[in-house]
Amino acid sequence: MSTSALPKQYDPSEVEPKWLSFWLDNGFFHADDASATVPYSITLPPPNVTGSLHIGHALGSTMQDVLIRWRRMQGWNAMWMPGIDHASIAVHVLLEKDLKRREHKTRFDLGRDEFMRRAWQWKERSGSRISEQEKLMGFSLDWPRERFTMDDQSNRAVREAFVRLYEEGLIFRAKRMINWDPGSETVVSDLEVDTVEEHGSLWSIRYPFADGSGEIVVATTRPETMLGDTGVAVHPDDARYTAVVGKELALPLTGRTIPVVADSFVDPAFGSGAVKVTPAHDPNDYECSQRTGLAILQVIDTRGRMQAPAPAKYVGMTVDDARKAVVADLEAGGFLVETKPYKVPRGRSQRSGAVIEPMLMEQWWVKAGPLAAKAAAAVEDGKTKFVPELWTKTYMHWMNHIKDWCISRQLWWGHRIPAWYCDSCAQITVAREEPAACPACHGKVHQDEDILDTWFSSALWPFSTLGWPDKTRALATFYPNNVLVTGPDIIFFWVARMMMMGIHFMGKVPFRTVYLTSIVTDENGDKMSKTKGNVIDPLDVVHGATIEALLARVDVEKPPDPEAAKKGIKKHFGKGIPAMGVDSLRFALAALNTGSSRIRLSIERVEGYRNFINKLWNASRFALLNLDGYDPERFEAQLASPAARGQLAMPEKWILSRLQATSAAVDTALEQFRFSDAANAIYHFVWDELCDWYIELAKPHLHRPEGLQQDAKASARRHVVQGVLATVLETTMRLLHPFAPYVTEEIWQKLPKPPQLPASLMITVFPRADPSWVDVAAEAEMQLVQDVAVATRMLRATYGVAPSQTVAIELRATAEAPRALLEKYKELIERSARITATLAAGGAPLAGAAKALVGADVQVLLPLGGLIDAPKEKARIEKELEKSRKEIAALEKKLANADFIARAPEEVVAEIRGRLRDEELRTKALVEALETLGVMK
RNA sequence: GGGCGAAUAGCUCAGCGGAAGAGCGUCGCCCUUACAAGGCGGUGGUCGCAGGUUCGAACCCUGCUUCGCCCACCA
């Protein structure tokens, strides 16, 4: 057997590329549509083509890969679908910004064809970059299936879905109030508008009656819209105005007259109780006009400038300029009553940041009601579950209050709407293929200029990626997906719409479980942003980055405030970022993912888990240095029978028992998406049990005998210990592999193991908890050894006994059972605490000895003779005594309570009694120790 | 204005009805031949506040306070 030595520190840069290409070359990530095994599928939320992998992706994708690798190893036919999203509006914003900066042009200057050409160019560059990054992270995506939301197959799916929905009356064209984004010059959906409170003013304006009989004062935060007013509304029950309803007002600055109408949407308590109504530019006012029959005048155009029928003077002004002009003119005309500062809720485009202009326009809509009803019912019936469960409410609330979805966009990069208008008649043709001529009048047709909301194609993604609208094998096998992992921020945008479309077109929910990830923030809980300079780039964590490199990047990326960004970078990454490899990052993300709403990540945190990976590396290194002569096949045969297992020594029984408990914990945790529990179970097993105890106890048995002839017994024992160590490590690699694929593969490949195993760790079998390995007795015995060793080390440390010095201690136990155990494991204790021990049942108080208690009965005596520091010892024991007495008081109080005795379960009462007994023994021993000290004085 | 969540060790978080836990930090002592990215030991908490339910509450209920995050058309 080879005993290849490993370097002292784990070097991911050598290991990662090697195994990545090994996995890819062997097609281990690919799932077979026709496999007879149980399918398990996840669709990766397709990253935007504009982006590169950020920490949020790293989190979500790592969790998906953990699930996929885990299920794959459990024998499921695990398929993880990769893809990229065309991100219509995001690309627009990006390309247009670039165009403006480099060429001072708009997309309109460029023209549709040229713009599209450049967008595709961008896609080719950017799309492959993100895939490369995903590969680097070890994500076991099924690459041959990789898709793009604007590839031929997706285009076909989009057309098919659009046409069918249109034919079913679920897609329609209508003139309604929409959110106009003057920045990107397109409609955006309600979800793409952020309402923010901004400082503005509330103007009160006088509207005189046309007959000169007085006036009505109205208040507004948008005086320029008065140019489009077509009425003033009052509450029908408002006694102040009942007499004037129906009268005409002379609208200042316009020469028009407008009526006073009654509508109950008016709040009589606000301002004067009268509202100016601008139906074309305010959603409320539009509703009002529909109820009261007021006319609609559009005075703002799609570029956010005033247009006729506003008076010529204002035409062409921007909204802001028009506002100033109107206010000035009103004031000059004596119409302005007052101006006061006011907090104005203002809608802003999430994409362009421009102030949203509500407008009345003809657009394409999805009738959401019927789709949402089924999507809500599916969750109510438990067909799809949210994890954590609390998101169910968010989803349900939205579904139950859903509004129609505006799906047309006045952009170019995206799926062009498959609707053709006749140049001669009013016929609209919605079809899968471009019609040669108008079916009604045979006139020429032209296609709708608009494209679809980027989320329309995303909504079809779980089935369009599997071949829909064709009935494919892949679709039959992998739809519905088992899990969707995504961020809560796109529940409405994406999750809800996949649910609606999946149920509609496939008749089944698209996924059984929706796992919502946390938001990754910096260590202070602040959202990561380029401007704050607190962005943790996963690739920097993997490869490392000097502070200079990080700062230099700011100059290339040119964020809005480069100085602030640099300051932030210096603050957060002052010493740069050490290269920590993929596994450290992945493991950190899993370990920190407790399911709370945010994960505070910092470089220090990742370093902590890098240390863990290194610890594991060194434990393996130790093993490999000591496995010479080990024969895995022989060992397997040795362990095959339960009887043989019974022959194992306690430490071996113990570590195997702990290992099986860890397997069980990992499995249970993953079933419940408790990633941090799973990661921490492995972390503690490896560090606290395997490294801190088992390896230490194994050492004397592994060392090669000095003499020429090794005695047979020691040799056999050595082989068993080697076997257990190798087995435990091999199992640990399998357990840990979904979290840290690279380091585990590297170690696993080096470990001696029985032949006929697969070529890669990633296709071995995930450890299954086997209760037959549980050994309660061994765990209890080991606990005693650990407790005695720890108590002894504590005394040593307290009294400054040099680590190199072996001291003699006395162990006392009055009871027979623990004394027998101490006797049995004397050597283990001696080795763990660097002592020699003598055992006694009791005896006279030992003057000049420091004393520690283990449990109630076992005493550890460290003889110090004249060197004992009596006051220190006294203080220490008194502190323990105080704790013990408090505990006794609490326990006695409980037992004195008749209700407790009567109502609490018997076993609880018995347990409390037992604890009281033990605690009393402790107190007695501690008092005795104090008395012994007294002798010294 | 509605809804949801959080408040536990210096920091970040587990625990969610029967003995207060982890990681990091901090303080000692150690280069003990796997690992100083390490070892050993220690310190540190009226579990936000006030009530209630219960034999028993960090955990369940009510109210309050303080922070987050969503949703919402008030001129």
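- Within 4.0 Å (heavy atoms only), A:Ser620 reaches no atom of the nucleic acid at all.
- Phosphate contact (OP1/OP2 of B:A34, side-chain N/O of A:Lys699, threshold under 4.0 Å): present.
- Using a 30° and 60° split on the angle between ring planes, A:Phe587 and A:Tyr609 fall in the tilted class, from 30° to 60°.
- Between B:G41 and B:C61, the two P atoms lie 41 Å apart (nearest whole Å).
- Comparing B:U32 with B:G39, their C1' atoms sit 8 Å apart, to the nearest whole Å.
- In this structure, A:Leu589 atom CG and B:C13 atom C1' are separated by 16 Å, rounded to whole Å.
- A donor-acceptor contact under 3.5 Å is not formed by the side chain of A:Glu607 with the base of B:A37.
- No side-chain N or O of A:Ser884 forms a donor-acceptor pair with one of A:Lys886 less than 3.5 Å apart.
- Comparing B:A34 with B:U46, their C1' atoms are spaced 45 Å from each other, to the whole Å.
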Sequence-aligned protein contact record of nucleotides 40-47 of chain B, with B where the base is within under 4.0 Å of a protein heavy atom and S where only the sugar-phosphate is: SSSSS---
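- Here the side chain of A:Leu625 is nearest to one of B:A37, B:A34, B:G18, namely B:A34.
- Nucleotide B:A37 holds its P atom 9 Å from the CG atom of A:Asn614, rounded to whole Å.
- Heavy atoms of A:His684 sit under 4.0 angstrom from primed sugar atoms or phosphate atoms, though from no base atom.
- Using a 4.0 Å cut-off between charged side-chain N and carboxylate O, A:Glu696 and A:Lys699 make a salt bridge.
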Contacts under 3.5 Å, N or O only, protein and nucleotides 70-74 of chain B:
{"unit_1": "B:C73", "atom_1": "O2'", "unit_2": "A:Asn284", "atom_2": "ND2", "d": "2.9"}
{"unit_1": "B:C73", "atom_1": "O2", "unit_2": "A:Asn284", "atom_2": "OD1", "d": "2.3"}
{"unit_1": "B:C73", "atom_1": "O2", "unit_2": "A:Asn284", "atom_2": "ND2", "d": "2.6"}
{"unit_1": "B:C74", "atom_1": "N3", "unit_2": "A:Asp267", "atom_2": "OD2", "d": "3.2"}
{"unit_1": "B:C74", "atom_1": "N4", "unit_2": "A:Asp267", "atom_2": "OD2", "d": "3.3"}

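- Rounded to an integer number of Å, the gap from CD1 of A:Ile888 to P of B:A19 is 17 Å.
- For the 3.5 Å distance criterion, the side chains of A:Tyr683 and A:Asp688 fail to qualify, holding no donor opposite an acceptor.
- When heavy atoms are screened at a 4.0 angstrom cut-off, A:Ala619 is found touching base atoms of the nucleic acid.
- Protein atom OH of A:Tyr683 is 11 Å distant from nucleotide atom C1' of B:A37, rounded to whole Å.
- Side-chain contact of A:Ser189 with A:Glu192: a donor-acceptor pair under 3.5 Å is present, judged by distance alone.
- B:C59 and B:G17 are spaced 6 Å apart, taking the C1' atom of each and rounding to whole Å.
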Tell me, what's RNA chain B's dot-bracket, Watson-Crick or G-U with both distances under 3.5 Å, | for other-strand, [ ] crossing? ((((((((.[[[[.)..(..]]]].(((((.......))))).....[[[[[..)....]]]]])))))))....
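- For the 3.5 Å distance criterion, the side chains of A:Glu607 and A:Asn611 fail to qualify, holding no donor opposite an acceptor.
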Do A:Arg222 and A:Glu357 pass the salt bridge (charged side-chain N to carboxylate O under 4.0 Å, His left out) test, and can you show the C-alpha distance, the side-chain angles, and the key distance before you say yes or no? CA-CA 11 Å; A:Arg222 298 201 51 191; A:Glu357 203 59 60; 2.7 Å; yes
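- The residue A:Glu919 sits apart from the nucleic acid: no heavy atom pair falls under 4.0 Å.
- With rounding to whole Å, A:Asp526 atom CG is found 10 Å from B:C69 atom P.
- When the C1' atom is used for both B:A7 and B:C11, the distance is 15 Å, rounded to whole Å.
- One finds a side-chain N or O of A:Arg600 lying less than 4.0 angstrom from the OP1 or OP2 phosphate oxygen of B:C13.
- Remark: C1' of B:C29 and CZ of A:Arg834 are 14 Å apart, rounded to the nearest angstrom.
- Applying the 4.0 Å criterion to OP1 and OP2 of B:G15, one finds that A:Arg674 has a side-chain N or O inside that range.
- Remark: side-chain polar atoms of A:Asn618 are paired, donor with acceptor, to backbone N or O of A:Asn614 under 3.5 angstrom.
- In this structure, A:Trp494 contributes its side chain and A:Asp489 its backbone to no donor-acceptor pair below 3.5 Å.
- Using modelled atom types, one finds no donor on one side chain facing an acceptor on the other under 3.5 Å when comparing A:Lys340 with A:Ser204.
- Taking atom P on both nucleotides, B:U12 is separated from B:G48 by 15 Å, rounded to a whole Å.
- Taking the six-membered ring for Trp and the full ring otherwise, A:Phe386 and A:Trp391 have centroids separated by 6.0 Å or more.
- Between A:Ile695 and A:Asn680, the residue anchored nearer the 5' end of RNA chain B, judged by the nucleotide with its closest heavy atom, is A:Asn680.
- For the C1' atom pair drawn from B:A20 and B:A9, the interatomic distance equals 10 Å after rounding to whole Å.
- Looking at which nucleotide of RNA chain B each of A:Thr220 and A:Lys8 is closest to, the 5′-most match is held by A:Lys8.
- Residues A:Asp526 and A:Thr521 bring no donor and acceptor atom of their side chains to less than 3.5 Å of each other.
- B:G56 and B:A72 are spaced 45 Å apart, taking the C1' atom of each and rounding to whole Å.
- The shortest distance between the side-chain N/O atoms of A:Asn897 and the OP1/OP2 oxygens of B:G56 is not below 4.0 Å.
- You'll find that the side chain of A:Arg903 is closest to B:C55, out of B:A22, B:A34, B:C55.
- Here the side chain of A:Asn534 pairs a donor or acceptor atom with the backbone of A:Ser529 at under 3.5 angstrom.
- One interatomic measurement links the two molecules: CD of A:Glu911 to P of B:G18, which rounds to 11 Å at whole-angstrom precision.
- Atom CZ of A:Phe612 is separated from atom P of B:C24 by 12 Å (rounded to the nearest Å).
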Can A:Asp404 and A:Arg176 be said to form a salt bridge (charged side-chain N to carboxylate O under 4.0 Å, His left out), step by step? CA-CA 10 Å; A:Asp404 288 341; A:Arg176 291 189 179 179; 2.9 Å; yes
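- Within 4.0 Å (heavy atoms only), A:Arg796 reaches no atom of the nucleic acid at all.
- Nearest to the side-chain atoms of A:Lys615 among the listed nucleotides B:C35, B:G5, B:A19 stands B:C35.
- Counted within 6.0 Å of NE2 on A:His401, heavy atoms from surrounding residues, nucleotides or ligands total more than 12; the atom is thus considered enclosed.
- Applying the 4.0 Å criterion to OP1 and OP2 of B:C69, one finds that A:Ser597 has every side-chain N and O outside that range.
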